[in-house]
Amino acid sequence: MKLIPLMVAIPLGTAFFIPMVSRKNQRVPDLLGNLCTFTLFLLSLCLIRFVPQVYFMGGWKPPFGITLVLDGLSSFMLILVNLVTFLITLYSISYMELYTSKLRYYSLLLLMLAGMNGVILTGDIFNLFVFLEIAVISAYALTGFGTEAEELEASFKYLVLGSVSSVFILLGIAFIYSLTGSLNLADISQKLAGEGIFQSPALWFAIILFLYGFGMKSAIMPFHPWLPDAHPSAPAPISAMLSGLLIKAAGVYPLLRIFYNMFGMGNLSQKFIPQILMVLGGISMAGGALLALIQTDIKRMFAYSSISHMGYIFLALSLGTPLGILGALFHIFSHAVSKSLLFLTSGSLEYVLHTRDIRKMGGIEERMPITAFSGNIGFLSLAGIPPLAGFWSKLFIILALVKAERLGWAIFACGVSVLTLGYYLRMNRYVFFGKIKSAFRRVKEAPGTMLGAMVLLSLVVIFLGSLLIPPVKKVLLSPAVHILYSGEDYVKLVLGG
Amino acid sequence: MEFILCFFLLMVGLYAVVTKRNLVKIIIGLAIMEYAINLFLILIGYRKDGIAPIMTSTMDRVEFLRKAVDPLPQALVITSIVIGFGILALAVSIAIRIYERFGTFDINEIKKLKG
């Protein structure tokens, strides 16, 4: 029996099952939600053994039917998404007591998870769009979950910008279909390789549409305005989910699949697409970091920091070398866990102190040692202090830049890293150190499940470097890099041959 | 010619989303954009004097392949209409909630967030 479809079926089923069974009891949604995400996490670990595998939906072979493809990259992303989601649902048990309807919360959260797992697994470009929409529509709803004025405003802004980008992605898919007559990623890649299609202006228009659409979804700098509003407005676990996972699963991952596996990075360099990606990445890195320096709202600062780190990922993936891809993938993982940890920390601070303004906090370490610990681990990791997760990924990105003979960019990346350290130190000084304010002299540490989730996530951040130990690397990272770097193997895997 | 008109429709929608100051008009703009794309998808599979892609036992296979329109874009359009419906429903419900909080649909007055 093949287990791949369960990754989508379980969260989708549970999402609709929860509202049916738990009208009265408030504990049932907690239990079901956590059980579901924990099962999915275990399943994603089990699936490593089955890589590579292809599942044909309804038994239809490609290019006619929809395929679900489990290769190195999908398995890598599945583990990341399901691990972080499990810890986030664990955190939500206490945190979501602040809001009224847990039932709808878990329902929407699991829908978003189903969408993300679907995007990661699918091998069909239109199916990718459908799963993408499932994920982002639940994200729009969750952004406005508190239904306060600011939250609704942010949600509407996110919805309008998000739907415009979705429309452009769909237009791109329509162009690709009209040129090749196929929707299967591997089949399209084969058809594009055969003829002189790369002379067609329509194809380049489609590429630009994808670049804009997925650039918007991953909040790269000229397309970023929704992110600093949407991410802080959502409840803290959802901020962690949006900033840690959604911008990667719905933004960078489809871009990687389409640009590397479908078009092929070599073909794209005819018209300077890698250079465009590189410049966009550079603008986001510097712009995000500079804007983060002046923020006083703690969650808004983290949101700008996300933009800056997405820039790193774009810079690394534009290189197209194995080391660059490795850096990008590792940075996706390390940024996802570190940023989720930081957002959960900010949620814990908000839960206890009822404010998000860093100028009003101070000396919190004294009263909330565990929150302070996880906050420090998260910020040290993102600032790139060894031996935490962020250090290794930044090291690989900078090494890849040096090896590709782009010394200027390497120095630039180091410089932005210093800026990152700067704004996190500023946050740290305001929030955790210094003299404690009299109003907070009696505050207590946050509830147990929240702390548990934060400590587990901190441990992941601390020991993430172990992914680079050769036996572990051979199982997880190397197949992911390989499948992106050699597009022919992906085509062979899906179409058989 | 049809494609140019279709593109024009898309631009009308984009114009409404970018320049209008009223939430409802922005939502209408979004809807127009979605319909433009749906129309475009249908036009990809369209064939002049084509027949519906349903094959009956009396038809000749070669004749059928020559005349029938492409059914796949039609399936895509149905899916994309459903997605568009979901987005519109959510957008309208958020707009109603915004009206309850702010008492206005004007986006110049809805700006509590900044930075």
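Chain letters run A, B, ... following the sequence lines, proteins first, then strands; residues in each count from 1. All figures in this text were calculated on a predicted structure; none of them were measured in a lab.
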Quiz item: Is any side-chain heavy atom of A/L113 less than 4.5 Å from a side-chain heavy atom of A/L109?
Solution: no
Practice problem: Please look at B/I44 and chain A and tell me whether the side chain, the backbone, both or neither of the residue comes under 4.5 angstrom of a heavy atom of that chain. | Solution: side chain
Self-check item: For chain A, the option from B/I26, B/L72, B/V17 that forms the most heavy-atom pairs under 4.5 Å
Solution: B/L72
Quiz prompt | Contacting moiety of B/L90, where chain A heavy atoms sit under 4.5 Å | solution = both
Practice problem: Would you check if there is a donor-acceptor pair between the side chains of A/Y177 and B/D70 at a distance under 3.5 Å? | Solution: yes
Exercise. Apply the ring-ring contact (aromatic ring centres under 6.0 Å, His included) test between A/H231 and each candidate in A/W226, A/Y158, A/F302; give the one that qualifies.
Key: A/W226
Quiz item: Which of the residues A/I294, A/V164, A/T147, A/V160 is involved in the greatest number of heavy-atom pairs with chain B at under 4.5 angstrom?
Solution: A/T147
Self-check item: chain A contact via B/L14 - which portion, at a heavy-atom distance below 4.5 Å
Solution: side chain
Exercise. Side-chain contact test, heavy atoms from C-beta onward, threshold under 4.5 Å: evaluate it for A/L171 versus A/F210 and give yes or no.
Key: no
Quiz item: Is it the side chain or the backbone of B/I98 that comes within 4.5 Å of chain A heavy atoms, both, or neither?
Solution: both
Quiz item: Contact part of A/L183 toward chain B, heavy-atom cut-off under 4.5 Å: side chain, backbone, both or neither?
Solution: side chain
Quiz item: With the threshold set at 4.0 Å, does a side-chain nitrogen-carboxylate oxygen contact exist between A/K299 and A/D297?
Solution: no
Quiz prompt | Side-chain heavy atoms of B/F102 within contact of A/L152, under 4.5 Å | solution = no
